[in-house]
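Presented below is the structure to which this report refers.
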Amino acid sequence: MLQESEGEGLNIGIVGGGAIGLLLAAYLGRRHGVTVYTRRPSQARQLAEHGVALKKDGETSVVAVRAQPFAGAELDEPLVFVTVKQYDLASVCAQIDAFRRVRTLVFLQNGMGHLEQLTMFADKNVLVGVVEHGAMKLDDRTVAHTGVGKLTLASRYGSFGDARELREGERGFPIEWADDWERILVDKLVVNAVINPLTALLQVKNGALLETAPYRDMMRQLFDEVQNVLPLEDANRAWERVVRICRKTADNYSSMYMDLANGRRTEIDAILGYVLKQGEARGAMLSVVRFVFCAVKGKEGGEMDG
């Protein structure tokens, strides 16, 4: 049975029908009118006809959403979340005219390599965000909420705009507001740079990195190189945060693990690739980072840049 929106709320667009896009649609669609813009017409039809299904704690709820393919669309929602993987962002930004009526854009990509692309939207309110929820896409309309975290948003250009109308506690989907966009992205990048590549290569759940002494040693070696080239306020606190999140998500498989397991391209370029570029700019030799980066690229069958 479809659960309709509880009130008028906002009109919100979500570009991307992956795990995070579906998770956002499931929670925001309870209070707001949500349209999901997908890459494939078949997924849009599934969502429009049957809604988005959220599996959490053994229960399934279904929320009605609108949906249509992104190609050729003209978005008229004042607030739009862009949730595609970083390597798909360029093709989305290439359709800049599709966003001309949008007032506030929120980008939820891993890594920091996409920041330059956001300058083309600098005349709008542009937010960047960090998602600390665990989510797994089960099919074109179903997402499993595997770990409750929070969504942290910060302004890159302009103000928070229409996003300020979102409640901080969107019923099981807490939202926090930050005043330093670089800090939240760097904090998340450090966590992704240490946990994701190692779990993908070792083919283990996140918690195994802490449970196995040699794996924890690998974590520390990787972290030490990463923190040397990123603007961290407190390296010890950053390491404690990596350990805390690894422990909190112990039973989860990282997104990079899932990408390799399913034969998909990973976001290694956006994560460790970005770290390597920062190292090159500073003349730092990052031998462990490069080793792990090359190993993941080899596993995914990707070509090396440069």
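Along the sequence shown, residues carry numbers from 1. Both backbone and side-chain heavy atoms feed into the values below; hydrogens, waters and symmetry mates do not.
- Annotation: the span from Asp234 atom CG to Glu240 atom CD amounts to 7.5 Å, rounded to 0.5 Å.
- Atoms OH and CZ, from Tyr37 and Phe70 in turn, are 9.0 Å apart once rounded to the nearest 0.5 Å.
- No side-chain N or O of Gln46 forms a donor-acceptor pair with one of Asp140 less than 3.5 Å apart.
- Seen from the ring of Trp177, Arg164 counts as a face-on cation partner, given the 6.0 Å and 45° thresholds.
- Hydrophobic clustering (ILVMFWY, side-chain heavy atoms < 4.5 Å, transitive): Tyr257 and Ile245 are in distinct clusters.
- Distance CG/Asp76 to CZ/Arg101: 5.5 Å, rounded to 0.5 Å.
- Residue Met120 is grouped with residue Leu105 when hydrophobic side chains (ILVMFWY) are merged at heavy-atom distances under 4.5 angstrom, including chains of intermediate members.
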Take Glu165 and Arg31 through the test salt bridge (charged side-chain N to carboxylate O under 4.0 Å, His left out) and record every step on the way to the result. CA-CA 11 Å; Glu165 295 189 40; Arg31 275 193 66 235; over 6 Å; no
Thr249 and Asn206: side-chain hydrogen bond (donor to acceptor under 3.5 Å, both in side chains), yes or no, with the steps? CA-CA 6 Å; Thr249 61; Asn206 293 356; 2.9 Å; yes
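- For Phe121 and Phe99, the ring centers are positioned less than 6.0 Å apart.
- Contact record, Ala67 with Ala44: CB-O, 3.4 Å, taken as the closest heavy-atom pair.
- Note that CG of Leu28 is 5.5 Å distant from CD1 of Ile14, once rounded to the nearest 0.5 Å.
- Applying the salt bridge (charged side-chain N to carboxylate O under 4.0 Å, His left out) rule to Arg100 yields the partners Glu74; only residues at least two apart in sequence or on another chain are considered.
- Between Phe160 and Asn125 the shortest side-chain heavy-atom distance does not fall below 4.5 Å.
- Arg220 is listed as a side-chain neighbour of Trp239, based on a closest heavy-atom distance under 4.5 Å.
- Linking Ile, Leu, Val, Met, Phe, Trp and Tyr residues whenever their side-chain heavy atoms come within less than 4.5 Å places Val84 and Leu115 in a single cluster.
- Atom-to-atom distance recorded for Arg103:CZ and Asp162:CG is 4.0 Å, nearest 0.5 angstrom.
- By the 4.5 Å heavy-atom criterion applied to side chains, Glu300 and Ile268 are counted as neighbours.
- Using modelled atom types and a 3.5 Å distance limit, the side chains of Ser42 and Arg40 yield a donor-acceptor pair.
- For Lys137, the NZ atom is densely surrounded, since the number of other residues' heavy atoms within 6.0 Å is greater than 12.
- Using a 4.5 Å heavy-atom threshold, the side chains of Asn11 and Thr35 count as separate.
- Under the 4.5 Å side-chain heavy-atom criterion for Ile, Leu, Val, Met, Phe, Trp and Tyr, Leu23 and Met136 are members of distinct hydrophobic clusters.
- Scanning all heavy atoms of the two residues, the minimum distance from Leu222 to Ala193 falls at CD2-O, 3.2 Å.
- A donor-acceptor distance shorter than 3.5 angstrom exists from the side chain of His145 to the backbone of Gly147, with no hydrogens or angles considered.
- Considering only heavy atoms from C-beta on, Leu151 comes within 4.5 Å of Leu108 through its side chain.
- Nearest heavy-atom pair, Glu267 versus Met256, reported as atom, atom and distance to 0.1 Å: C-CE, 4.2 Å.
- Environment of CZ in Arg237: sparse, with no more than 12 heavy atoms of neighbouring residues, nucleotides or ligands closer than 6.0 Å.
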Which is it for Gln221 and Asp217 under the side-chain hydrogen bond (donor to acceptor under 3.5 Å, both in side chains) test, yes or no, and what are the steps along the way? CA-CA 6 Å; Gln221 290 182 55; Asp217 187 42; 3.2 Å; yes
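- Proximity of a side-chain donor or acceptor of Thr38 to a complementary backbone N or O of Gly17 within less than 3.5 Å is not detected.
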Decide yes or no on side chain to side chain contact (heavy atoms under 4.5 Å, CB included) for Asn110 and Lys188, but give the supporting numbers first. CA-CA 8 Å; Asn110 283 327; Lys188 180 65 183 299; 3.4 Å; yes
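- The shortest distance between side-chain heavy atoms of Leu47 and Arg141 falls below 4.5 Å.
- Smallest separation of non-hydrogen atoms from Leu138 and Lys55: CD1-CD, 3.6 Å.
- Hydrophobic clustering (ILVMFWY, side-chain heavy atoms < 4.5 Å, transitive): Tyr274 and Leu232 are in one cluster.
- The backbone N or O of Tyr215 lies less than 3.5 Å from no partner atom in the side chain of Thr212, so there is not a single donor-acceptor pair.
- Remark: Lys124 NZ is packed, more than 12 non-hydrogen atoms of other residues, nucleotides or ligands lying under 6.0 Å away.
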Between Val36 and Val52, is the side chain to side chain contact (heavy atoms under 4.5 Å, CB included) condition met? List the steps. CA-CA 10 Å; Val36 182; Val52 58; over 6 Å; no
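- Under the 4.5 Å side-chain criterion, counting only non-hydrogen atoms from C-beta, Pro231 is not in contact with Arg183.
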Let me see the working for Arg39 and Gln43 under side-chain hydrogen bond (donor to acceptor under 3.5 Å, both in side chains), right down to the final yes or no. CA-CA 8 Å; Arg39 181 172 56 84; Gln43 183 181 18; over 6 Å; no
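- For the pair Asn262 (side chain) and Arg264 (backbone), a donor-acceptor distance under 3.5 Å is absent.
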Check step by step if side-chain hydrogen bond (donor to acceptor under 3.5 Å, both in side chains) holds for Asp139 and Thr142. CA-CA 5 Å; Asp139 58 40; Thr142 308; 2.8 Å; yes
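- In terms of heavy atoms, Pro174 sits closest to His133 at CD-CE1, 4.1 Å.
- For the atom pair Leu286 CG and Asp224 CG, the distance stands at 11.5 Å (nearest 0.5 Å).
- Nearest heavy atoms, Lys297 versus Asp269: NZ-OD2, 2.9 Å.
- Counting non-hydrogen atoms of other residues, nucleotides and ligands closer than 6.0 Å to CZ of Arg241 gives a total above 12.
- Put simply, the side chain of Leu209 reaches to within 4.5 Å of the side chain of Thr199, judged on heavy atoms.
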